[in-house]
Amino acid sequence: MDSSMFDLTGKVAMITGGAHGIGFAIAEGMARCGATVCFNSSNRDSLEKGLAAYKAAGIDAHGFVADVTDEDAVNAMVVKIKAEVGPVDILVNNAGLMKRVPMLEMSHADFLHVIDVHVGGAFNCSKAVLPDMIAKREGKIINICSMMSELGRETVSAYAAAKGALKMLTRNIASEYGQYNIQCNGMGPGYIATAHTAPLREPQPDGSRHPFDSFICAKTPAGRWGDPEDMVGPCVFLASHASDFVNGQILYADGGILAYIGRQPK
């Protein structure tokens with residue numbers, strides 16, 4: 001096999017919510033493979049922190065402020081990227097948020113806000129980049145899904161609904177625009193060790209492991225949380241020519257948790 005199939009040199013990659021966490025790791029990995037990285041943040045402070053992080057990593061990234069739920073702002077951002085960097089070849093819809101609230105305590109407005117960021121944002125960004133991809137007859141869209149695209153869990157009704165919808169949006173984009181040599185796939189992270197999940201991994205006052213930490217490690221055949229870097233390889237594959245005949249699929253990078261029923265009690 002020709003390893004150049006994974007080369008992203010000359011490609012413009014746009015990663016939404018790419019200032020930190022999984023989005024930053026994916027963007028950094030794509031940059032190492034030759035892509036020119038663009039990312040957005042919803043506010044100036046986050047953008048500046050992201051730019052500083054890329055600079056520290058030796059990456060010349062292009063940052064933009066835009067709320068992915070604002071269609072006009074997204075369209076303006078994509079126009080600006082095209083003018084300043086070039087048309088987007090690779091779009092990673094990573095922007096999202098989590099509200100852990102029991103369904104009976106969640107307001108309708110909060111529920112829809114979670115849906116709008118994950119699904120509406122992916123819709124807006126994909127819609128904005130698709131015309132140039134169609135014109136070039138080439139493009140890659142990667143939607144960051146989740147195990148919650150397949151499973152439910154307490155307190156995440158909005159998040160699970162959003163990630164399930166994002167899975168189906170992925171399949172529909174593939175169905176509608178595959179004829180233009182555009183591939184739209186999803187990547188579903190497992191439980192990842194980020195700053196967001198750090199409280200769930202902190203030792204208890206008596207020195208024991210956090211109950212949720214023990215639960216996740218017991219439910220994962222790999223026996224550990226994933227690292228943001230574990231998400232890079234799957235996304236580089238989905239962004240590269242190596243995946244040109246892969247379309248409408250969700251690739252789960254979860255350490256095997258979705259394949260596992262769990263250990264038998266002793």
Chemist: For a side chain to side chain contact (heavy atoms under 4.5 Å, CB included) check, start with the C-alpha distance between Met14 and Cys38, then their side-chain angles and the critical distance, and finish with the verdict.
Modeler: CA-CA 5 Å; Met14 171 63 194; Cys38 301; 3.8 Å; yes
Chemist: Do any pairs count as a salt bridge (Lys or Arg N to Asp or Glu O under 4.0 Å) and have a residue in residues 234-248, sequence neighbours left out, and if so which ones?
Modeler: Lys140-Asp244
Chemist: Using 0.5 Å steps for rounding, measure from the CG atom of Leu91 to the NZ atom of Lys127.
Modeler: 14.5 Å
Chemist: Using atom types as modelled and distance alone, determine if a side-chain donor or acceptor of Asn94 lies under 3.5 Å from a backbone N or O of Ile15.
Modeler: no
Chemist: With no hydrogens and no angle check, is any side-chain donor or acceptor of Asp7 less than 3.5 Å from a backbone partner on Thr9?
Modeler: yes
Chemist: Parallel, tilted or perpendicular: which one describes the rings of His118 and Tyr159, with boundaries at 30° and 60°?
Modeler: perpendicular
Chemist: Same cluster or not: are Met77 and Leu47 linked, directly or through other Ile, Leu, Val, Met, Phe, Trp or Tyr residues, by side-chain heavy atoms under 4.5 angstrom apart?
Modeler: no
Chemist: Taking salt bridge (Lys or Arg N to Asp or Glu O under 4.0 Å) as the cut-off, I'd like each qualifying pair that reaches into residues 90-99, sequence neighbours left out, listed once.
Modeler: none
Chemist: Linking I/L/V/M/F/W/Y whenever their side-chain heavy atoms sit closer than 4.5 Å, directly or via other members, would Leu8 and Val246 fall into one cluster?
Modeler: yes
Chemist: Between Lys55 (side chain) and Ala61 (backbone), is there a donor-acceptor pair under 3.5 Å?
Modeler: no
Chemist: Atom CD of Gln183 and atom CD of Glu138: how far apart are they, to the nearest 0.5 Å?
Modeler: 8.0 Å
Chemist: Check the hydrophobic clustering (I, L, V, M, F, W, Y; side-chain heavy atoms under 4.5 Å; chains of links allowed) and say if Phe24 and Leu238 are grouped together.
Modeler: yes
Chemist: Taking all atoms of both residues into account, what is the closest heavy-atom pair of Met231 and Ala253, and its distance?
Modeler: CE-O, 3.5 Å
Chemist: Got Asn40 and Val68 here, is their nearest side-chain heavy-atom distance under 4.5 Å?
Modeler: yes
Chemist: Angle between ring planes, Phe237 versus Phe6, binned at 30° and 60°: parallel, tilted or perpendicular?
Modeler: tilted
Chemist: Measure the shortest side-chain to side-chain distance between Leu200 and Ile216 over non-hydrogen atoms and say whether it is less than 4.5 angstrom.
Modeler: no
Chemist: Has the side chain of Gln179 got a donor or acceptor atom that lies under 3.5 Å from a matching backbone atom of Tyr177?
Modeler: no
Chemist: Go through the structure and list residues passing salt bridge (Lys or Arg N to Asp or Glu O under 4.0 Å) with Glu150, not counting sequence neighbours.
Modeler: Lys167
Chemist: Would Ser126 and Asn93 count as a side chain to side chain contact (heavy atoms under 4.5 Å, CB included) if you check the C-alpha gap in whole Å, the side-chain angles of each, and the deciding distance to 0.1 Å?
Modeler: CA-CA 8 Å; Ser126 299; Asn93 285 310; 3.1 Å; yes
Chemist: Arg153: what forms a salt bridge (Lys or Arg N to Asp or Glu O under 4.0 Å) with it, not counting sequence neighbours?
Modeler: none
Chemist: If we ignore hydrogens and angles and just use 3.5 Å, is the side chain of Asn143 paired with the main-chain N or O of Gly186 as donor and acceptor?
Modeler: no
Chemist: Can you tell me how far CD of Glu229 sits from CD1 of Ile26, rounded to the nearest 0.5 angstrom?
Modeler: 10.5 Å
Chemist: To the nearest 0.5 Å, tell me how far Asp227 CG sits from Ile22 CD1.
Modeler: 10.5 Å
Chemist: Find out whether Leu166 and Ser149 are in side-chain contact, i.e. whether some heavy atom of one side chain is under 4.5 Å from a heavy atom of the other.
Modeler: no
Chemist: Would you find a donor on one side and an acceptor on the other, under 3.5 Å apart, between the side chain of Asp132 and the backbone of Val129?
Modeler: no
Chemist: Carefully, step by step, assess Asn75 and Val79 under the rule side chain to side chain contact (heavy atoms under 4.5 Å, CB included).
Modeler: CA-CA 6 Å; Asn75 289 339; Val79 168; 5.6 Å; no
Chemist: What is the distance from atom CG of Asp67 to atom OG1 of Thr69, rounded to the nearest 0.5 Å?
Modeler: 3.0 Å
Chemist: Quick one: do Tyr191 and Val156 end up in the same hydrophobic cluster if we chain Ile, Leu, Val, Met, Phe, Trp and Tyr together by side-chain heavy atoms under 4.5 Å apart?
Modeler: yes
Chemist: Measure the shortest side-chain to side-chain distance between Pro211 and Gln204 over non-hydrogen atoms and say whether it is less than 4.5 angstrom.
Modeler: yes
Chemist: Does Leu130 reach the side chain of Ile141, with side-chain heavy atoms less than 4.5 Å apart?
Modeler: yes
Chemist: Taking all non-hydrogen atoms of both residues into account, name the closest pair between Cys33 and Val236 and its distance.
Modeler: SG-CG1, 3.9 Å
Chemist: For the backbone of Ala222 and the side chain of Thr220, can you confirm whether one donor and one acceptor N or O come within less than 3.5 Å of each other?
Modeler: no
Chemist: Any link between Tyr180 and Ile90 through a network of hydrophobic side chains (Ile, Leu, Val, Met, Phe, Trp, Tyr) touching at under 4.5 Å?
Modeler: no
Chemist: Is there a side-chain contact between His113 and Leu97, using heavy atoms and a 4.5 Å cut-off?
Modeler: yes
Chemist: With a 3.5 Å distance limit and no angle check, can you tell me whether Thr36 reaches the backbone of Val12 through a side-chain donor-acceptor pair?
Modeler: no
Chemist: Are the side chain of Arg100 and the backbone of Glu154 linked by a donor-acceptor contact shorter than 3.5 Å?
Modeler: no
Chemist: Work out which heavy atom in Val119 is nearest to a heavy atom in Ala165; give both atom names and the distance.
Modeler: CG2-CB, 3.8 Å
Chemist: Asn185 side chain to Ile250 main-chain N or O, any donor-acceptor pair under 3.5 Å?
Modeler: no
Chemist: Are the side chains of Glu28 and Ile59 in contact, using a 4.5 Å heavy-atom criterion?
Modeler: yes
Chemist: What's the verdict on side chain to side chain contact (heavy atoms under 4.5 Å, CB included) for Met103 and Phe111, showing C-alpha distance, side-chain angles and the deciding distance?
Modeler: CA-CA 9 Å; Met103 184 174 171; Phe111 181 85; over 6 Å; no
Chemist: Taking all heavy atoms of Val92 and all of Met30, pick out the closest pair and write down the distance.
Modeler: CG2-CE, 3.8 Å
Chemist: Looking only at heavy atoms, what is the nearest atom pair of Cys217 and Trp225, with distance?
Modeler: SG-CD1, 3.9 Å
Chemist: Once salt bridge (Lys or Arg N to Asp or Glu O under 4.0 Å) is applied, do any residues pair with Arg209, and if so which ones, sequence neighbours excluded?
Modeler: Asp213
Chemist: What's the shortest heavy-atom distance between Cys184 and Ala174, and which atoms?
Modeler: O-CB, 3.8 Å
Chemist: Drop me the distance from Phe123's CZ to Asp116's CG, to the nearest 0.5 angstrom.
Modeler: 11.0 Å
Chemist: Do Lys136 and Ile134 have side-chain heavy atoms sitting under 4.5 Å apart?
Modeler: no
Chemist: Suppose we screen for ring-ring contact (aromatic ring centres under 6.0 Å, His included). Which residues come up paired with Phe215, at least two apart in sequence or across chains?
Modeler: Phe212
